[in-house]
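Reading through the structure tokens given below for one structure.
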Amino acid sequence: MKGVNVGVAPVTYGTGDRAPRGEYGRARSDYTCAQDFAQYTEADHATYRRLYERQLQQLPGLACDEFISAVHKLGAPEQIPRFDDISERLMKATGWQIVGVPGLIPEEAFFSLLAEQRFPVTDWIRKPEEFDYVVEPDIFHDLFGHVPLLFNPVFADYMQAYGAGGMKASRLDACELLARLYWYTVEFGLIHTPQGLRAYGAGILSSAGELRYSVTSPEPKRVGFDLQRLMRSRYRIDTFQASYFVIDSFQQLFDATAPDFTAVYREVRESILAEGEIDAGQVLPGERLYSTV
Ligand code: HBI
Ligand code: FE
């Protein structure tokens, strides 16, 4: 899901003023659009299948169990799945559905879709020459990275709470702080398990290289989840992460989003004024880090 600011998703996806890749003219006023299944060529289906199979074989020992146990619910990778088929299964499991979007959408639209338990899935797929890296999130990142954990009731509830919080953040001009929470959990989160660290973030799970790197490399700093420390932390969109935040459970994530964030934003802003923001890869004095062994 690394990407550039396509003019509709400010801040979170970094700078750059590339034209949006998707066809936004076909989107409704809430930025959703029907999945244009006819657009997919045989090469597109083959790209999806190859991405899926490559990522599936490296999940054991790196992806969290909740993800591994749900990824098959996307359906067989012979073809790009139909969103309606996945939504039918997802609705029964957690009340969520997936909806098509042409690509990145404005934060307010994104937050309100999450609050309605509708996850936006980009409906185009990267070209073969972008197999290993695509600038904007495509259907593989959204489907493979994000959708399996929406079958987990606690994580799904966290996503809805995040969306509801986002609606309030817009009014409090706190989207950038809240976007860091999304980045360091939903996109690049790690979870501590009795078997060791595992990935649950979509940006990691859909990345051929970052999945192994995030769980096993000695390079990045792995910090225990702390909401205020996280909201002070900058991130990079164009490299593997230099910092990861580690949770103990999805319940911990959900509980962290339960309180009203107004006071949290105020305290975070005060600590940023007093001590500044924290760079990706930076470790605070006395901070306990997770090791990979
Ligand atoms: N739009 N389609 C889409 N998918 C995202 O993940 C997404 C977005 N717009 C904004 C956004 N994410 C981030 O700014 C979140 O932090 C809100
Ligand atoms: Fe994403």
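Whatever order the structure lists ligands and atoms in, that order sets their numbers, starting from 1. In what follows, every heavy atom counts, from backbone to side chain, and hydrogens, waters and symmetry copies are set aside. Quick caveat: nothing in here was measured; it's all calculated off a predicted structure.
Look at Tyr31 and you'll find every heavy atom at least 4.0 Å from all atoms of ligand 1. Not a single heavy atom of Gly166 lies less than 4.0 angstrom from ligand 1. Residue contact check for ligand 1: Thr122 places no non-hydrogen atom closer than 4.0 Å to it.
With respect to the salt-bridge test (charged N to carboxylate O, under 4.0 angstrom), the residues Asp132 and Arg54 qualify. With salt bridges taken as basic N to acidic carboxylate O contacts below 4.0 Å, none links Lys221 and Glu287. In summary, Arg21 and Asp138 do not engage in a salt bridge, as defined by a charged side-chain N under 4.0 Å from a carboxylate O.
Here the rule is side-chain contact (heavy atoms from CB on, under 4.5 Å) with Phe250, and of Val154, Asp255, Thr185, Asp157 only Val154 fits it.
Here is the list of ligand 1 atoms found below 4.0 Å of a heavy atom in Gly103: 2 (N). Atoms of ligand 1 lying under 4.0 Å from any heavy atom of Tyr182, numbered from 1 in the order shown and given with element: 6 (O), 15 (C), 16 (O). Counting atoms of ligand 1 from 1 in the listed order, those under 4.0 Å from a heavy atom of Ala179 are 16 (O).
Among the atoms of Glu107, some N or O lies under 3.5 angstrom from an N or O of ligand 1.
Linking ILVMFWY residues whenever their side-chain heavy atoms come closer than 4.5 Å, directly or via other members, places Val283 and Met231 in the same cluster.
For the pair Arg89 and Phe151, the cation does not sit on the ring face, since its NZ or CZ is not both under 6.0 Å from the ring centre and inside 45° of the axis.
Only side-chain heavy atoms of Phe111 come within less than 4.0 Å of ligand 1; its backbone N, CA, C and O stay farther off.
With distances taken over non-hydrogen atoms, the option nearest atom 1 (N) of ligand 1 out of Val121, Ile105, Leu178 is Ile105.
Here the side chains of Leu190 and Tyr290 are not in contact, with every heavy-atom distance at 4.5 Å or above.
An angle of 90° is found at the Fe ion (ligand 2) between Glu187 atom OE2 and His146 atom NE2, rounded to 10°.
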